Amino acid sequence: MSSTASEGAAELGRALAAIPSPQINAIPIGPLQIHFYALCILAGVVVAVIWSERRWAAMGGEKGTIMDMAVWAVILGLIGGRLYHVISDAQLYFGEGREPIRALYVWEGGLGIWGAVPLGAVGVWLVARKRGLSMSKLSFAIAPTIPLAQALGRWGNYFNQELFGAPTDLPWAVEITPYPEGHLRPGMEFGVTTYHPTFLYESLWCVLLTVFLVWAGRRFEGSLQGGRLFALYVMGYCAGRFWIEYLRVDPANDFLGMRLNNWTSIVVFLGALAYFVWAGRRIDSFSTAVVPHGHDAGTQVFGATAGSEVSDDSTVYSAVDSEESGSGTQNGSSEEAGTEYHPSPERSSTEGSTANDAGDTGTDSGAKPE
């Protein structure tokens, strides 16, 4: 009797301590369904963009730059993440009895980080290349924000009751219930309701990785340029994902005795490590531009239109060729000087201008640019 009572009390304690399953995974608004999975992903994106903007501005970049890049990064990231999931788990969508159209149902879960980050980075690169911005500096600003976004996004798996780990009776186990129709979810065992909350393990790992990257970026800022801080993020995530993947019991393709994501973690980790070493030998060769072409204080001149007439404060001329600019402005013609008109940037571009610049262009030294 004593033994039975003790076992019953222990079972009750485990049940009370376990993470309960969410009863709903979406909010109905008329004919629409707002899925919590999508809200978790969106929350991660918003936090990452806002924080990246603050870090970028602190590095001297213009406000709004990250927001502009986020549009392409998010679109391409979602496409890349979904493509990796569908390709690596093709058996879930194609074949006899399957519905290929469900490959487009992103709200049901299934975004592979291995496809999301690379294709999202392509979106950032496209905008950076067009504006002449340094990918080295951008990656430094963005690196710590991505694992934080992942930490929030992983909770979408909790609301979908998916990607859980092996059965366990630990106090922090997550309760998993069968589908409303009655059949078991992928990975469930008959009669077992509590499993390892791998979503929570990965979320906590990503939070710790975020803290580490922030510390490392401040402590070793000079030596982690050239994309090395981003490579450090990739290596850190791969290390955590490797052991977390072992706990998962959802169906997955195996290769030589390991899940596909384990092999992906190894390959990506080695690639990031190789880049980390390679970039460390040529840090000084990376671009450091944090403002777009024509907005850099060192290439802008503020010139008078003619004689004693001072140009409008909102007019900014960006020197394309310094030699032509020097000779052309002496003749009083800004068009002949090979200059290109640009709207005034959001932040002042006067710092770095010299007295010689003003003299060559005929600018009154007392003129104050916007």
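Being a predicted model, the structure only gives us computed values, none of them experimental.
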- request: Find out whether F286 and Q225 are in side-chain contact, i.e. whether some heavy atom of one side chain is under 4.5 Å from a heavy atom of the other.
  value: no
field: Note, L133 side chain near P292 side chain (heavy atom, < 4.5 Å)
entry: yes
task: Would you please classify the geometry between the Y158 ring and the W155 ring as parallel, tilted or perpendicular, with 30° and 60° separating the classes?
output: perpendicular
field: From CD1 (I176) to OG1 (T194), nearest 0.5 Å
entry: 9.5 Å
query: Would you say the side-chain atoms of R154 pair up with the backbone N or O of L200, donor to acceptor, closer than 3.5 Å?
result: no
- prompt: Do Y84 and N261 get their side chains close enough for a donor-acceptor pair, meaning under 3.5 Å?
  reply: yes
Check: M258 and I266 side chains under 4.5 Å, non-hydrogen atoms: yes
message: Is the shortest side-chain heavy-atom distance between H196 and R248 below 4.5 Å?
response: no
message: Does the plane of the ring in Y195 sit parallel, tilted or perpendicular to the ring in F164? Use 30° and 60° as the thresholds.
response: tilted
field: Donor on one side chain, acceptor on other, H85 and Y93, under 3.5 Å
entry: yes
Any side-chain heavy-atom pair of F255 and N262 under 4.5 Å: no
query: Got a second to check how far R55's CZ is from K137's NZ, nearest 0.5 Å?
result: 11.0 Å
query: Can you check whether S223's main-chain N or O pairs, donor with acceptor, with R228's side chain at less than 3.5 Å?
result: yes
message: Within this structure, what is the CH2-CD distance for the pair W56 and E62, rounded to the nearest 0.5 Å?
response: 9.5 Å
- prompt: Hey, are the side chains of I34 and L39 touching, using non-hydrogen atoms and a 4.5 Å cut-off?
  reply: yes
Donor-acceptor pairs under 3.5 Å, side chain of residues 233-244 to any protein atom, not counting sequence neighbours: which ones?
{"unit_1": "Y233", "atom_1": "OH", "unit_2": "Q150", "atom_2": "OE1", "d": "2.7"}
{"unit_1": "Y237", "atom_1": "OH", "unit_2": "E202", "atom_2": "OE2", "d": "2.7"}
{"unit_1": "Y237", "atom_1": "OH", "unit_2": "R241", "atom_2": "NH1", "d": "2.8"}
{"unit_1": "R241", "atom_1": "NE", "unit_2": "E245", "atom_2": "OE1", "d": "2.8"}
{"unit_1": "R241", "atom_1": "NH2", "unit_2": "E245", "atom_2": "OE1", "d": "3.3"}
{"unit_1": "W243", "atom_1": "NE1", "unit_2": "G240", "atom_2": "O", "d": "3.3"}

message: Taking atom CZ as the centre, does R218 end up with more than 12 heavy-atom neighbours from other residues, nucleotides or ligands that are less than 6.0 angstrom away?
response: no
message: Within the structure provided, determine whether I24 and F36 are in side-chain contact (heavy-atom separation under 4.5 Å).
response: yes
- request: Kindly compute the distance separating CG (L126) from CG (L76), expressed to the nearest 0.5 Å.
  value: 7.0 Å
field: Qualifying residues under side chain to side chain donor-acceptor pair (under 3.5 Å), relative to E162, sequence neighbours excluded
entry: N157, N160
field: Contacts of T145 that satisfy side chain to side chain donor-acceptor pair (under 3.5 Å) - sequence neighbours left out
entry: S52
Check: L229 and S139 side chains under 4.5 Å, non-hydrogen atoms: no
L213 CG to F230 CZ distance, which is reported to the nearest 0.5 Å: 10.0 Å
task: For residues P178 and R185, report the shortest heavy-atom separation together with the two atoms involved.
output: O-NH2, 3.9 Å
- prompt: Does the distance from a Lys or Arg side-chain N to an Asp or Glu carboxylate O, for D68 and R131, drop under 4.0 Å?
  reply: yes
Euclidean distance, I283 CD1 relative to T288 OG1, rounded to 0.5 Å: 13.0 Å
